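Report on one structure; see the data block that follows.
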Amino acid sequence: MIEFANVCASYDSQTSVLHSVNFTIADGDFVAFVGSNGAGKSTTMRLINGLLKPRAGEVLIDGVSTSKIRTSEMASHVGFLFQNPDRQICCKTVRDELMFGFSATGRESEHAQSRVDAVIDEFGFAPDADPFMLNRGARQLLALASIIVMEPSVVILDEPTVGLDGLGIKKVMERIKRLNEAGTTIIMVCHDMEIVADYARRVIVMSSGRVIDDGATFDILRKPSTIETADLIPSQIIALSMQLASKSAELSQTNIARAHTLEEMRDAVSEQLARQGGSK
Amino acid sequence: MIVVKELTFTYRESNQPTLRDVNLTIQTGSFTGIVGPAGSGKSTLMHALDGIIPHCATGDYYGSVMIDEIDTVDSDLTRISRLVGSVFQDIDSQVVTSVVEDEMLYGLENFGVPHDQIEERIEEALLQMGISELRERSMATLSGGQKQKVIIAAIMALRPRVLVLDEPTAELDPASSVSMYRLLRELARTFNMTVVVVEKDITLLSEFVDQLVILDEGTILFDDEPREVLKHSTELQKIGVNCPRATVLLNQLRSAGLIDAPVCINVDEACAALLEAIA
């Protein structure tokens, strides 16, 4: 469990970038942190994996303060996927990259080798390939795989889909979804509300270094005041659902007013058309 | 006007062409999006427009790129860079000085702009980008979005005829991305400047551009106004170009024969079409 208790943070002694932040993330949750540039999301991620220590308050991982754990020790529990994979990849072959976490922490064992082999098989990587010769999507997958191979209980993803095309986004996000289904806690910073709506169960909204809302994904994405305050662009299907419900009292009583996904909206519209006696 | 004719380009280290027989016309003063999945050749096409291809990146080059009737092959890179300003995806690779004002001066002085015009151009460009207050700031203290605006301002001050930008919203949140696209459309309209952006996604972009060019495996798949291109959302999604979900929804309902509404490009249009069909 991850707990933030009245956390304040700053990068120098004067400017505070987080102001009394409180939240708890249970094991196995899938949480998206959303908010505009400079809202404090990346700072919060750095506090979770111990790269930054709070100026006031406490960050507790399974009841232990991050101020009392070495950052290197945290790394085996909390995996961190950077927005830009090139800031993460540092080895000359895919196999070395996947082994890097084990060798850096002195855990090169048979188990480590078999984990690396399993991940190479699963992702279909060429083990001797030079990571920097892979395309951007493949490098992002390699960076993700180098975290998965370590089996951390928490994975932090900082904008995992930036720089990827539609097919790359699907590939990365479906793998993350499976990771979460297997019990890993996923904490994701994401600007794309379509991805948030598709994958996250809970959303924490930040603005100017504060948590301004926290709740189930679809409750949050349907709150106009939160969307406006945090300067978010809502997912299109939810925006459409809300607009239709606000403009038609009849539709506000149908599944159209409750549709969150493209499939749900398509089915709800089809139902409504059928109810009206066929298509126009 | 930009006219690309039968352009095929193969990088020296590759045995496959990255661009194949590309034909494209971009009108002066328009805002155009070049979109495609990873590896589709869009950055290569961008560099064919800004002259880096063929002058810096070597390979087999067939066909022609004309910028205001100047063939980029026959012209040197200095002359092309006076016509075409380009903004790279990796903004840090384009920053050459440590203070915003120096960054603005760098291009102006190197282009030999008369001294009595420099101050006016700097003030005007910073004002256009809404960043006058950043003039004295150190580049190192700026956010990614602010740096991007400084670089665009530095290029605007050179008054190029064409502005090309590689993924200008990669570092920005959605609200800032919308502001960026709005600003680029304004630049095209106000200064009759031809603005070309290269992007992977058309969800936000399609509301702002006059022309959308979709590239796939080095060839042009679609080249039309956004509404026409968005008719093909199924094909676009298949190659990895995400479309607005409101558009996809309406296209699916139309294909299933459930509604008879025109292609919509945003939520407001989809709402109006659905209200007409079902409310």
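The chains referred to below are lettered A, B, ... by the order of the sequence lines, with proteins before strands, and numbering in each begins at 1. What you see is a predicted model; the values in this text were computed from it and never measured.
In this structure, B:Leu253 CG and A:Leu273 CG are separated by 7.5 Å, a value rounded to the nearest 0.5 Å. Rounding to the nearest 0.5 Å gives a distance of 4.0 Å between CG of A:Leu244 and SG of B:Cys271. Rounding to the nearest 0.5 angstrom, the gap separating the CD atom in A:Glu250 from the CG atom in B:Leu275 is 10.5 Å. Between the OG atom in A:Ser241 and the CG atom in B:Leu274 there is a gap of 11.0 Å [rounded to 0.5 Å].
Proximity to chain A at a heavy-atom threshold of 4.5 Å picks out B:Gln237, B:Lys238, B:Ile239, B:Gly240, B:Asn242, B:Pro244, B:Arg245 from residues 232-245 of chain B, in numerical order.
With sequence neighbours excluded, no residue forms a ring-ring contact (aromatic ring centres under 6.0 Å, His included) with A:Phe30.
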Let me have the donor-acceptor pairs involving side chains of residues 195-204 of chain B, under 3.5 Å, with sequence neighbours excluded, atom names and distances please.
unit_1: B:Glu199; atom_1: OE2; unit_2: B:Thr169; atom_2: OG1; d: 3.1
unit_1: B:Glu199; atom_1: OE2; unit_2: B:Tyr181; atom_2: OH; d: 2.7
unit_1: B:Lys200; atom_1: NZ; unit_2: A:Gly163; atom_2: O; d: 3.0
unit_1: B:Lys200; atom_1: NZ; unit_2: B:Glu167; atom_2: OE2; d: 2.8
unit_1: B:Asp201; atom_1: OD1; unit_2: B:Thr203; atom_2: N; d: 2.9
unit_1: B:Asp201; atom_1: OD1; unit_2: B:Thr203; atom_2: OG1; d: 2.8

Donor-acceptor pairs are to be reported for all side-chain atoms of residues 37-46 of chain B against protein atoms at under 3.5 Å, with residues two or more places apart or in another chain.
unit_1: B:Ser40; atom_1: OG; unit_2: B:Pro37; atom_2: O; d: 2.8
unit_1: B:Lys42; atom_1: NZ; unit_2: B:Gly36; atom_2: O; d: 3.1
unit_1: B:Lys42; atom_1: NZ; unit_2: B:Pro37; atom_2: O; d: 3.2
unit_1: B:Ser43; atom_1: OG; unit_2: B:Asp166; atom_2: OD2; d: 3.3
unit_1: B:Thr44; atom_1: OG1; unit_2: B:Tyr11; atom_2: OH; d: 2.8

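Panel note: side chain A:Gln236, backbone B:Ala246; a donor-acceptor pair is recorded below 3.5 Å.
The candidate with the highest count of non-hydrogen atom pairs below 4.5 Å against chain A, out of B:Leu250, B:Leu249, B:Val178, is B:Leu249.
Using a 4.5 Å cut-off between heavy atoms, A:Ile169 touches chain B through its side chain atoms alone.
In this structure, B:Leu258 and A:Ser270 approach most closely via the heavy-atom pair CD1-OG, 3.4 Å.
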